[in-house]
There are 2 protein chains.
Amino acid sequence: MHLEKTRRRGSELEDAILDAAWQVLIELGYAGFTYEAIAARAGTSRPVLYRRWPQRDDLLLATLTRFWWSKPVELPDTGSLRDDVIGFLRNANSARAHILTMISVQLMDYFRASGTNFSELRDKLRVQNRPNSLETMLTRAVERGELPDRPRPDRVVSLPFDLLRHEMLMTMRPVPDDVITGIVDEVWLPLLNS
Amino acid sequence: MHLEKTRRRGSELEDAILDAAWQVLIELGYAGFTYEAIAARAGTSRPVLYRRWPQRDDLLLATLTRFWWSKPVELPDTGSLRDDVIGFLRNANSARAHILTMISVQLMDYFRASGTNFSELRDKLRVQNRPNSLETMLTRAVERGELPDRPRPDRVVSLPFDLLRHEMLMTMRPVPDDVITGIVDEVWLPLLNS
DNA sequence: GCCTTAAGATACGGAGCTGTATCTAACGTT
DNA sequence: AACGTTAGATACAGCTCCGTATCTTAAGGC
């Protein structure tokens with residue numbers, strides 16, 4: 001009898017709880033992010049959660065911290081600027097869509113209360129010394145002779161990612177592929193070549 | 001005795017309720033947007049609200065509809081495309097900033113709960129047959145011979161407004177003027193002339 | 001001045017979440 | 001094998017909001 005453990009302890013239990021909290025947050029949003037729902041999903045009881053995270057903010061912060069960088073966006077290197085940026089935007093779309101939606105839903109109250117905003121949070125969370133992906137792509141394209149070597153405003157460089165993020169925020173869904181190609185082919189590449 | 005009315009009726013009452021609903025939404029967000037809070041703020045009782053708006057969505061939509069277009073964005077006509085669009089973005093910035101911030105802060109929960117999103121809400125609230133302002137500006141510029149008469153993708157036409165909105169969402173503050181001129185001079189005008 | 005309408009007060013049961021307390025039994029340690 | 005720790009179950013009072021029902025009485029039309 002009892003070949004399998006019936007009770008988890010320590011970090012095993014804690015991991016299971018944070019996994020459950022993450023799922024609840026994704027599925028139900030902040031409104032459904034209750035001790036009750038999370039305990040039920042984790043197969044435990046509320047007192048277990050209260051012992052570890054007395055405030056809901058503690059639990060939310062622990063959950064976000066754990067999953068924030070779980071899916072880094074990959075930067076492709078195809079030998080073509082267009083394929084690079086489209087691939088990059090696709091990766092960002094699939095990897096970041098959930099998290100961005102989450103942030104927009106969950107952290108607005110925090111922003112309002114603290115007086116900070118989205119931009120500042122991004123700056124805080126940005127990995128140190130991480131080269132800007134779009135900048136990297138442009139540098140490569142210039143080296144290949146695909147583009148003239150001329151200075152470009154930050155606003156121009158970051159344009160495709162800003163437009164992707166705008167679309168994500170507006171629809172709160174994964175962005176269709178034709179939006180991505182539209183951003184690149186109708187806006188960014190013509191602008192770079194102007 | 002009783003020189004003043006003690007009971008409001010019809011549209012007078014309805015206006016007072018929607019005013020109260022708007023205040024509650026601004027101050028407490030969607031989470032606090034309850035029949036209870038709104039009735040209390042309006043100095044009436046919940047049944048009065050239920051008689052008019054059986055669902056909370058009805059009440060929310062009525063409230064948003066009432067205040068969405070309370071400050072229409074003016075479209076300047078200066079004889080120059082650049083001055084037109086910069087003036088327009090400035091007007092939008094001052095007229096829309098607080099309402100857009102409100103929406104982004106307060107309604108994310110609603111969007112998640114209802115499965116709708118910001119784009120769909122905009123479509124619902126958009127005034128019928130209202131000519132697109134940027135489209136109008138471009139048409140004027142073409143008529144003046146400022147721009148060649150050639151078809152332009154919707155994404156290109158709406159670009160400056162999308163970037164302004166993106167900036168508003170990211171910072172949740174009125175946008176500095178150099179951002180507006182940057183959007184126009186570094187991105188839109190070069191793209192239109194490419 | 002009468003009469004219909006509807007505002008506003010109050011009450012009700014129900015649902016869901018909160019935060020805490022209590023008890024048991026499974027777990028890891030020694 | 002004994003022991004201290006703590007997971008997990010359960011219970012509790014309290015709170016807010018829900019949706020509806022009932023009753024009164026003020027307002028406005030005729």
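Residue numbering restarts at 1 for every chain, and letters A, B, ... go by the order of the sequence lines.
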A.B. asks: How close or far is atom C1' of D/dG8 from atom CD1 of A/Ile38, stated in whole angstroms?
C.D. replies: 17 Å
A.B. asks: Send over the distance from B/Glu36 CD to D/dT20 C1', rounded to a whole Å.
C.D. replies: 14 Å
A.B. asks: Could you tell me whether a side-chain N or O of B/Arg82 sits under 3.5 Å from a main-chain N or O of B/Val184, the two making a donor and an acceptor?
C.D. replies: no
A.B. asks: Are the side chains of A/Leu191 and B/Trp188 in contact, using a 4.5 Å heavy-atom criterion?
C.D. replies: no
A.B. asks: Could you state the CZ-C1' distance from B/Arg7 to C/dG8, rounded to the nearest angstrom?
C.D. replies: 5 Å
A.B. asks: How close or far is atom P of C/dG19 from atom CG of A/Asp57, stated in whole angstroms?
C.D. replies: 11 Å
A.B. asks: Is there side-chain contact between A/Leu159 and A/Arg155, with heavy atoms separated by less than 4.5 Å?
C.D. replies: no
A.B. asks: Using heavy atoms and a sub-4.0 Å distance, could you list which residues of residues 44-55 of chain B are near DNA chain C? By number, please.
C.D. replies: B/Thr44, B/Ser45, B/Arg46, B/Pro47, B/Val48, B/Arg51, B/Arg52
A.B. asks: Quickly work out the A/Arg41 CZ to C/dC17 P distance and round it to whole Å.
C.D. replies: 13 Å
A.B. asks: Above 12 or not: heavy atoms from other molecules or residues under 6.0 Å from CG of B/Asp154?
C.D. replies: no
A.B. asks: For B/Tyr35, give me all partners under ring pair (Phe, Tyr, Trp, His ring centres under 6.0 Å), at least two apart in sequence or on another chain.
C.D. replies: B/Tyr50
A.B. asks: Measure CD1/A/Ile17 against P/D/dA7 and give the value in whole Å, please.
C.D. replies: 8 Å
A.B. asks: Do B/Leu75 and B/Arg140 have side-chain heavy atoms sitting under 4.5 Å apart?
C.D. replies: yes
A.B. asks: Determine whether a donor-acceptor pair (N or O, by modelled atom type, separation under 3.5 Å) exists between the side chain of B/Arg56 and the backbone of B/Phe33.
C.D. replies: yes
A.B. asks: Taking B/Arg66 first and then B/Asp15, would you say they form a salt bridge - that is, a charged N and a carboxylate O separated by under 4.0 Å?
C.D. replies: yes
A.B. asks: To the nearest angstrom, how far is B/Tyr35 atom OH from D/dT20 atom C1'?
C.D. replies: 13 Å
A.B. asks: Do B/Pro76 and B/Asn91 come within less than 4.5 Å of each other through their side chains, counting heavy atoms only?
C.D. replies: yes
A.B. asks: Could you state the atom-to-atom distance from CG of A/Leu59 to P of C/dG19 in whole Å?
C.D. replies: 12 Å
A.B. asks: C/dG8, OP1 or OP2 - any side-chain N/O from B/Arg8 closer than 4.0 Å?
C.D. replies: yes
A.B. asks: Given axes from five pairs at either end, by how many degrees does the helix from C/dG1-D/dC30 to C/dT30-D/dA1 bend, rounded to 10°?
C.D. replies: 20°
